[in-house]
Participant: 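This is the structure, below, for whatever I ask next.
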Number of protein chains: 2
Amino acid sequence: MASSERNLQTCEVPDATVQRLPLYLEKLKLLQAIGVEDVSSRQLAESLDIKASQLRHDFHYFGGFSRPGRPYRVEKLVTALEQIIGVDRPVPTAIVGAGHLGQALANYPGLQLQGFPIRAIFDVNPKLLGLEIRGQPVRDLDDLEPVCRREGIKIGVITVPASSAQEVVNRLVAAGVTGLLNFAPTELKVPGHVSVRHERLTVGIMALSFKVKCGALARSAAGNEPGPLAGSA
Amino acid sequence: MASSERNLQTCEVPDATVQRLPLYLEKLKLLQAIGVEDVSSRQLAESLDIKASQLRHDFHYFGGFSRPGRPYRVEKLVTALEQIIGVDRPVPTAIVGAGHLGQALANYPGLQLQGFPIRAIFDVNPKLLGLEIRGQPVRDLDDLEPVCRREGIKIGVITVPASSAQEVVNRLVAAGVTGLLNFAPTELKVPGHVSVRHERLTVGIMALSFKVKCGALARSAAGNEPGPLAGSA
DNA sequence: CGTAACCTGTTTACGTATTCACAGGACTCT
DNA sequence: AGAGTCCTGTGAATACGTAAACAGGTTACG
């Protein structure tokens, strides 16, 4: 058993690889749902538009998921990846800020499905306090600490205005939250044991805009050649 | 004039640089709003948690924005970056899918502010057709092509279920849209002249989960040392 | 049984991105 | 005027991520 699996708990993994693990898991779950049992690195990689060698290279950080000659077992891979990513058991998650975006996220079934059940929603706006979203009431921000502790909240999703983000973060961290998904367009100061990830809508759309502008220029400059099927920016 | 500015229309820029340009622009606009006129590479870089040398390196692709010895002029930088990114004039944008996420995006003021006015919203659900969001009515998907052409839509935001994403994309592309911001958890086939960017919530939160799990392991393994202030995942 | 087609784990080579180092210009203060 | 400090532009060096190549192992089939 210790022969094939080197260590599922390695943390010295390149960032680029970490960002691909969720893609693998998502696709594998899909395959599992439609009854596929085996999958080769080539099949899986091609469906995600990456090279098979890279996929194997990524998996290699965690030791072998199969043996040479045999394709991967979908079920085994899903289990292993869930454990690696840390969603082998549900990760209690809270949303702070029940504005449009917060509500949209609370309503999004994907979070629950991927292992991040929303166990609390907070806001300061008294008008929202009655609201209930997928079984969770919008709570007053004053109750943040006790509720987070009681529910064992691990990850906080920040959907408050930039001006109040830092204060919310401080309180979440004090309440034991160690992961923050930040949608507010501002940097955050956190202790070293807390991880932050920024999700910036405007960055995405602006990077897209750059590509679009470049594409337009390229086509107006050179004789326009539509080119074959391809995408991704 | 041609001496200092090499070319604001270069497209041979590393992807990593492209992803940072929006960050620069966003921060610079903020500085501009509070009346800051000059900014050095160090100041700007530190506020974004990156190295000053990298910022200069990024700018270097487009030629000089200043002269050695003089810090950058905020206004000049903003203008230049807007032109580079392609938001020197508004980029008409459409949202397809007026569910929770689509509505949240339509309500998000940042898009308009950063140069992406929402000029159309579409959905198939008849119950949503009456709805009006920030002055824009939710339109029937059947009207997609004529409305997109009339409004000169350049970018389409996909917030429909994965199952209908490809069809929507085909229609948008046929209607002249050249940039797609895809929130549906699925790959998209598009012609070569169209750029796609995927925004996947679950990828973000799962990558975060991995970091959190690693942090917890590291702290339980070694004697827990809280470490200095630092973040980002 | 042998061969051909696949497959994974692993190493090596390649390309890209980040960081460092430095050459000069500008401004301030004495 | 001169020294010191801060600044940018630029190229070299380092670190990183990607892609390719290869060394086995497995199965299917004639």
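What you see below is based on every heavy atom in this structure, not just the backbone, and it leaves out hydrogens, waters and symmetry mates.
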Participant: Rounded to whole Å, please give me the gap between CZ in Phe62(A) and P in dT10(C).
Facilitator: 14 Å

Participant: Less than 4.0 Å between a side-chain N and a carboxylate O, is that true for Glu167(B) and Lys189(B)?
Facilitator: no

Participant: Expressed in angstrom and rounded to an integer, what is the separation of Gln43(A) atom CD from dC7(C) atom P?
Facilitator: 6 Å

Participant: Take nucleotides 21-30 of chain D nucleotide by nucleotide from the 5' end and write B, S or -, depending on whether a protein heavy atom sits under 4.0 Å from the base, only from the sugar-phosphate, or from neither.
Facilitator: B--BBSS---

Participant: According to side-chain contact (heavy atoms from CB on, under 4.5 Å), who are the partners of Thr186(A), at least two apart in sequence or on a separate chain?
Facilitator: Ala162(A), Ala165(A), Ala184(A), Leu188(A)

Participant: If the cut-off is 4.0 Å, is His60(A) near the phosphate of dG9(C), judged by side-chain N/O to OP1 or OP2?
Facilitator: no

Participant: Identify the pairs formed between an N or O of the protein and an N or O of nucleotides 14-18 of chain D at a distance under 3.5 Å, and give each distance.
Facilitator:
unit_1, atom_1, unit_2, atom_2, d
dT18(D), OP1, Arg20(A), NH1, 3.1
dT18(D), OP2, Arg20(A), NH1, 3.3
dT18(D), OP2, Arg20(A), NH2, 2.8
dT18(D), OP2, Gln54(A), NE2, 3.3
dT18(D), O5', Gln54(A), NE2, 3.0

Participant: Check this for me: does any side-chain nitrogen of one of Glu199(B) and Arg197(B) sit under 4.0 Å from a carboxylate oxygen of the other?
Facilitator: yes

Participant: Would you please name every residue forming a ring pair (Phe, Tyr, Trp, His ring centres under 6.0 Å) with His100(A), sequence neighbours left out?
Facilitator: none

Participant: Please enumerate all residues that pass ring pair (Phe, Tyr, Trp, His ring centres under 6.0 Å) together with Tyr24(B), with sequence neighbours excluded.
Facilitator: Phe59(B)

Participant: Rounded off to whole Å, could you give me the CZ-to-C1' distance for the Arg42(B) and dT5(D) pair?
Facilitator: 10 Å

Participant: Would you mind checking if Asp15(B) and Lys211(A) are paired as a salt bridge, meaning a charged N to carboxylate O distance below 4.0 Å?
Facilitator: yes

Participant: Are Ser66(A) and dT8(C) close enough that a side-chain N or O sits under 4.0 Å from OP1 or OP2?
Facilitator: no

Participant: Anything under 30° is parallel, anything over 60° is perpendicular, the rest tilted; go ahead and classify Phe62(B) against Phe65(B).
Facilitator: parallel

Participant: So, is Tyr72(A) near the phosphate of dC6(C), with a side-chain N or O under 4.0 Å from OP1 or OP2?
Facilitator: no

Participant: Just how far, in rounded Å, is P of dC6(D) from CG of Leu44(B)?
Facilitator: 18 Å

Participant: Could you pull out all residues at least two apart from Arg20(A) that satisfy salt bridge (Lys or Arg N to Asp or Glu O under 4.0 Å)?
Facilitator: Asp58(A)

Participant: Nearest whole angstrom, please: distance from the P of dA26(C) to the CZ of Arg73(B).
Facilitator: 16 Å

